[in-house]
Amino acid sequence: MKKIVVLGSSNTDLITKVKNFPAPGETIVGKEYMEAMGGKGANQAMAAHRLGGEVQFITCLGDDANGKNALAYYKKEGLNVSSSLIVNGVASGTAIIMVDEHGENSIIITPGANNKLNPTYLSSIENIIKDADLLVLQMEIPYETVKEACSLAKKNQTQVILNVAPARTIDEELLNNVDILVVNETEAETISGKKIENIGEEGVVNTLLDMGVDTVVLTLGENGCFYKNRKESISFGAFEVHQIDTTAAGDTFCGALAAEIARGNSWKEVLKFATASSAICVTRMGAQPSIPTEKEVRDFLSKNMDMVLK
Ligand code: RIB
């Protein structure tokens with residue numbers, strides 16, 4: 001089993017279920033409220049961990065109640081966060097999330113301590129990146145930290161999986177250090193500067209490959225995903241499930257992808273496992289509460305392979 005390191009954000013999610021999102025200036029009544037652990041980094045680390053990976057998660061938390069709760073939760077779940085940074089006098093990250101009746105979300109993040117995970121901290125964890133086989137990153141910590149971590153990984157032959165969420169532009173120097181780029185349609189269009197409606201999904205993926213990435217995985221929501229590198233390409237359909245909350249579906253996909261790559265499985269198996277994991281995730285409320293275990297995913301696959309839509 002290959003070793004996975006996830007470097008990224010940790011948030012406390014404050015989640016309200018609503019019928020429809022409010023218009024500017026409007027006050028609406030929520031249907032249901034819950035607090036749960038989230039943050040794209042933490043969600044991906046938890047997913048890779050629950051789904052059978054050997055994972056170390058490196059994040060930054062404040063010494064406030066949310067930070068303490070987060071540490072207690074990770075400990076209870078058995079997720080290794082021993083090399084994370086704790087900063088005094090800074091609030092831990094939070095996310096205010098509204099989920100509508102179709103399961104779509106709207107999210108405001110306040111990064112707080114996540115923004116303190118700066119490049120200088122990486123010198124103290126370089127050995128962890130060096131010893132890892134896979135480094136998984138997203139974009140909720142400072143850009144310069146992501147860039148420096150990818151460069152350290154490249155120097156130490158650690159494979160890099162970068163999920164460019166939330167969407168933003170990426171410079172070519174960083175892209176050249178990425179082995180596997182995981183993006184949704186908006187993220188792919190933002191990085192490539194091209195529109196899917198003009199050149200198609202494969203056209204945008206080809207642009208990303210031309211920009212220096214080895215492998216691209218384009219997630220397509222209810223249309224599944226498309227994977228391509230210089231040797232092969234695979235389209236994988238989605239499973240038909242009743243969608244309650246899409247929060248962390250992409251994160252679960254990335255964590256599952258990392259766990260299955262770490263087991264050394266083929267890309268077809270990797271895409272099937274990741275798609276099934278995120279299908280289960282959307283049937284439940286909240287980010288980390290909705291991430292399935294490896295057993296749940298294997299059981300789901302043994303019962304539902306004929307449900308795949310494409
Ligand atoms: O991707 C979902 C996550 O985005 C939530 O858990 C929230 O914390 C934000 O980071």
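Each ligand, and each atom within it, is numbered from 1 in the order the structure gives.
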Which residue holds the protein heavy atom closest to [atom], what is that atom called, and what is the gap in Å?
atom: atom 10 (O) of ligand 1; value: Glu140 OE2, 2.7 Å
atom: atom 7 (C) of ligand 1; value: Asp13 OD1, 3.3 Å
atom: atom 2 (C) of ligand 1; value: Asp251 OD2, 3.3 Å
atom: atom 4 (O) of ligand 1; value: Lys40 NZ, 3.1 Å
atom: atom 3 (C) of ligand 1; value: Asn43 ND2, 3.6 Å

Any side-chain donor near an acceptor of the partner, [X] and [Y], under 3.5 Å:
X: Asn206; Y: Lys228; answer: yes
X: Ser92; Y: Asp64; answer: yes
X: Asp179; Y: Gln159; answer: no
X: Thr158; Y: Asn156; answer: no

Closer than 4.0 Å to some heavy atom of [X] - which atoms of ligand 1 meet that?
X: Ile109; result: 9 (C), 10 (O)
X: Gly38; result: 6 (O), 8 (O)
X: Ala95; result: 7 (C), 8 (O)
X: Ala287; result: 6 (O)

Handout entry: Backbone or side-chain N or O of Asn11 under 3.5 Å from ligand 1 N or O
Key =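 Yes, there is a polar N/O contact under 3.5 Å.
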
Exercise for the section: Kindly confirm or rule out an N or O of Gly39 lying under 3.5 angstrom from an N or O of ligand 1. Expected result: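 Yes, there is a polar N/O contact under 3.5 Å.
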
Exercise for the section: Please identify each residue that fulfils ring-ring contact (aromatic ring centres under 6.0 Å, His included) with Phe273, with sequence neighbours left out. Expected result: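 Phe273: no ring-ring contact (aromatic ring centres under 6.0 Å, His included) contacts found.
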
Handout entry: Side-chain (Arg50) to main-chain (Ile291) donor-acceptor, under 3.5 angstrom
Key =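 Here the side-chain-to-backbone pair exists.
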
Exercise for the section: May I ask you to test the His242-Thr283 pair for a side-chain heavy-atom distance under 4.5 Å? Expected result: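 Answer no - side chains too far apart.
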
Exercise for the section: Using a 4.5 Å cut-off on heavy atoms from C-beta on, say whether the side chain of Gln288 contacts that of Tyr74. Expected result: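 Touching, per the 4.5 Å side-chain cut-off.
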
